[in-house]
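As a basis for the values below, the full set of heavy atoms in this structure was taken, side chains included, without hydrogen atoms, waters or symmetry mates.
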Amino acid sequence: MKSYDVIVLGAGAAGLMCAAGAVKRGRRVLVLDHAKKPGEKILISGGGRCNFTNLHTTPANFLSRNPHFCKSALKRYTQYDFIDLVERYGIAYHEKDLGQLFCDHSAKDIVAMLLAEAEGAEVRTRTAIRAVAKPDSSVRAFRVETEDGDFEAESLVVATGGPAIPQMGASGFAYEVAAQFGIGIIEPRAGLVPLTFDDQTLQDLEGLSGVAVDASAVLGRTRFDEALLFTHQGFSGPVILQISSYWREGDTLTIDMLPGGDAFALLKEAKQSVSKREIQTVLGEMLPKRLAQRVAEITGLHGRMAELPDRDLRRAADRINAWQVTPSGSLGLKKAEVTLGGVDTDFLSSKTMEAKSVPGLYFIGEAVDVTGHLGGFNFQWAWASGHACGEVA
């Protein structure tokens, strides 16, 4: 059996970041992953260009049963720390909307950087883990059994993510390890995921698949403003992915397809200034043509503006500015970008990510009940939690 100081399960963003930190402290590190190559999720992220962080990262951009848990790690390793690392490696990048930072060339640059930072660690891919054990409770040593043999280390870091995108090999393995050692789990569910509608709503929206519109989505006190995309199953687009992390079955969303505009005021003005125009024509100046036509059909409006009473204009305006819609579900973990829930933060140290009741056992990244908004925030949590663990594991 080969012995190491640290075994990291998972060669993704958090795992490689942790390995880099541990190696720099002189630790003998083994990284194990069942995937064909390190950083597979990094490589497909951001359309292959990796949205590696966000300039506007704050603890408010993360969901967790304990919203304070992420603060320590995020404060000690900020988005600017990671940007400094990227710049030291000469990786060209650019800012997109809302502070999102992407590689100019390829996500491969980020993976290569992380592997360079973790130089000295042994990284084994295509290695399936059969079991994890702590044979002697009185000794700080963990055993990892794999198809390629057994390994042991005094520190075990679980960075295997969550079950989102199972087609890439994602699983709930981290939760199995946590349960094995008596560590609690917050029920995992899909986050950053498209939402679906019932048959009646889909019938009302027939023909709109592929139509996009700038919109706001509101649920309680939570609001996002970005693009909305109609699909053949329901809603997608950034604004829907964002609000989906807050949505629960039965919740009703308020959709504003003209954010910042008063549809009723605009329609009343048009009634005076272009009274002979058809209502569909006027709506088509406010919304994409197909969407304008469907709004007119759903609200039963047709004819010239001058012929329409204000109450009818109000009905159309409410559909534009305050559409109440209740999704029937989501596309689930198969299509989710992240997993909400995970290892209960009450069982972990917010400074080190170590399990309070099991010395030497750590959980980092998506495996933990900390989930970021869309736009590079989940990568920043991976860097921050991996860094916090790498300083001590």
side-chain contact (heavy atoms from CB on, under 4.5 Å) assessment of F62 paired with T57:
CA-CA 9 Å; F62 297 86; T57 302; 3.9 Å; yes

Between L287 and V295, does the side-chain contact (heavy atoms from CB on, under 4.5 Å) criterion hold? Intermediate values first, please.
CA-CA 9 Å; L287 301 169; V295 168; 4.0 Å; yes

Please assess Q380 against N54 for the test side-chain contact (heavy atoms from CB on, under 4.5 Å), listing each intermediate value before the final yes or no.
CA-CA 8 Å; Q380 186 56 41; N54 194 296; over 6 Å; no

Take D312 and T299, measure what side-chain contact (heavy atoms from CB on, under 4.5 Å) needs, and give me the verdict at the end.
CA-CA 8 Å; D312 288 351; T299 54; over 6 Å; no

For E285 and R277, what are the C-alpha separation, side-chain angles and deciding distance, and is it a salt bridge (Lys or Arg N to Asp or Glu O under 4.0 Å)?
CA-CA 11 Å; E285 295 172 351; R277 282 191 187 174; 2.5 Å; yes

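Looking only at distances, a side-chain donor or acceptor of S245 sits under 3.5 Å from a matching main-chain atom of L192. A donor-acceptor contact shorter than 3.5 Å is absent between the side chain of S106 and the backbone of D109. No donor-acceptor pair under 3.5 Å is formed between the side chain of D150 and the backbone N or O of M1. Formation of a donor-acceptor pair under 3.5 Å by the Q167 side chain with backbone atoms of K334 is found in this model. Using a distance-only test at 3.5 Å, with no hydrogens or angles considered, no donor-acceptor pair links the side chain of D318 to the main chain of R315. Judged by distance alone, with hydrogens and angles left aside, the side-chain atoms of K356 form a donor-acceptor pair with the main-chain N or O of D346 at under 3.5 Å. Listed for the E337 side chain is no donor-acceptor partner under 3.5 Å among the backbone atoms of G191. Although no hydrogens or angles enter the test, the distance criterion places no donor-acceptor pair under 3.5 Å between the side chain of D344 and the main chain of G184. Of the possible polar contacts, none joining the D214 side chain to the P259 backbone as a donor-acceptor pair under 3.5 Å is found. The closest donor-acceptor contact from the side chain of K41 to the backbone of G12 lies at 3.5 Å or more, if one exists at all.
Note on F102 and V338: separate hydrophobic clusters, where clusters join Ile, Leu, Val, Met, Phe, Trp and Tyr whose side-chain heavy atoms are under 4.5 Å apart, directly or indirectly. Side-chain heavy atoms closer than 4.5 Å link hydrophobic residues (I, L, V, M, F, W, Y) into clusters, and following such links, possibly through other members, connects F264 to L291. In the hydrophobic clustering of this structure, M168 does not group with L9; members are Ile, Leu, Val, Met, Phe, Trp, Tyr whose side-chain heavy atoms approach within less than 4.5 Å, directly or through other members. Residue F224 is not grouped with residue L98 when hydrophobic side chains (ILVMFWY) are merged at heavy-atom distances under 4.5 angstrom, including chains of intermediate members. Linking ILVMFWY side-chain heavy atoms closer than 4.5 Å, directly or via other members, places V392 and L74 in a single hydrophobic cluster.
Here L374 contributes atom CG and I240 contributes atom CD1; the two are 12.0 Å apart, rounded to the nearest 0.5 Å. Separation of atoms CG (D148) and CG (L32) is listed at 9.0 Å; rounding is to 0.5 Å. To the nearest 0.5 angstrom, S209 atom OG is 7.0 Å from L229 atom CG. For the atom pair CZ (R311) and CG (L313), the distance works out to 10.0 Å, reported to the nearest 0.5 Å. For the atom pair R319 CZ and N321 CG, the distance stands at 13.0 Å (nearest 0.5 Å). Note that the CH2 atom of W247 and the OG1 atom of T252 stand 10.0 Å from one another [nearest 0.5 Å].
L283 has its side chain within reach of L267: a pair of non-hydrogen atoms, C-beta onward, lies under 4.5 Å apart. Residues Y93 and E87 form a side-chain contact, since some pair of their non-hydrogen atoms from C-beta on lies under 4.5 Å apart. Residues C389 and T352 form no side-chain contact, since every pair of their non-hydrogen atoms from C-beta on lies 4.5 Å or further apart. Proximity of S171 to T160: side-chain heavy atoms (C-beta onward) are nowhere separated by under 4.5 Å. Side-chain contact between C103 and F52: present, with at least one pair of heavy atoms (C-beta onward) separated by less than 4.5 Å. Counting heavy atoms from C-beta outward, M305 and K276 have side chains that stay 4.5 Å or more apart. With contacts defined as side-chain heavy-atom distances shorter than 4.5 Å, the pair L241/S236 qualifies. When side chains are defined from C-beta on, F230 does not count as touching R290, because their heavy atoms never get closer than 4.5 Å.
E176 and Q180 are not linked by any side-chain donor-acceptor pair at a separation below 3.5 angstrom, with hydrogens and angles left out of the test. Looking only at atom types and distance, the side chain of E366 has a donor-acceptor partner in the side chain of T339 under 3.5 Å away. Of the N and O atoms on the side chains of D199 and Q203, not one donor lies less than 3.5 Å from an acceptor on the other residue. Side chain to side chain, D204 and T201 fail the donor-acceptor criterion of an N or O pair below 3.5 Å.
Ring-plane geometry between W383 and F82 is classed as parallel, the angle between the planes falling under 30 degrees on a 0 to 90 degree scale with a further cut at 60.
Residues T53 and Q79 come closest through the heavy atom pair OG1-CB, 3.4 Å. G182 approaches F347 most closely through the heavy-atom pair O-CE2, 3.6 Å. Of all heavy-atom pairs between G162 and A170, the closest is O-CB, 3.3 Å. Closest of all the heavy-atom pairs between L228 and A215 is CB-CB, 3.9 Å. In terms of heavy-atom proximity, G375 sits nearest to N51 at C-OD1, 2.8 Å. The nearest pair of heavy atoms linking V23 to G120 is CG2-C, 4.2 Å.
Taking the ring axis of F142 as reference, the NZ or CZ atom of K134 stays within 45° of it and closer than 6.0 Å to the ring centre.
Dense packing is recorded around CD of Q324, with more than 12 heavy atoms of other residues, nucleotides or ligands lying under 6.0 Å away. Atom CZ of R143 has 12 or fewer neighbouring heavy atoms from other residues, nucleotides or ligands inside a 6.0 Å radius. Counting heavy atoms of neighbouring residues, nucleotides and ligands inside a 6.0 Å radius, atom CZ of R76 exceeds 12 of them. Counting non-hydrogen atoms of other residues, nucleotides and ligands closer than 6.0 Å to CZ of R304 gives a total of 12 or fewer. The local environment of CG in D84 is crowded, with over 12 non-hydrogen atoms from other residues, nucleotides or ligands closer than 6.0 Å.
A salt bridge links R124 with E122; the closest basic N to acidic carboxylate O contact falls under 4.0 Å.
For W381 and F377, the ring centers sit 6.0 Å or farther from each other.
Of the listed residues (E391, E117, E119), just one forms a salt bridge (Lys or Arg N to Asp or Glu O under 4.0 Å) with K24, and that residue is E117.
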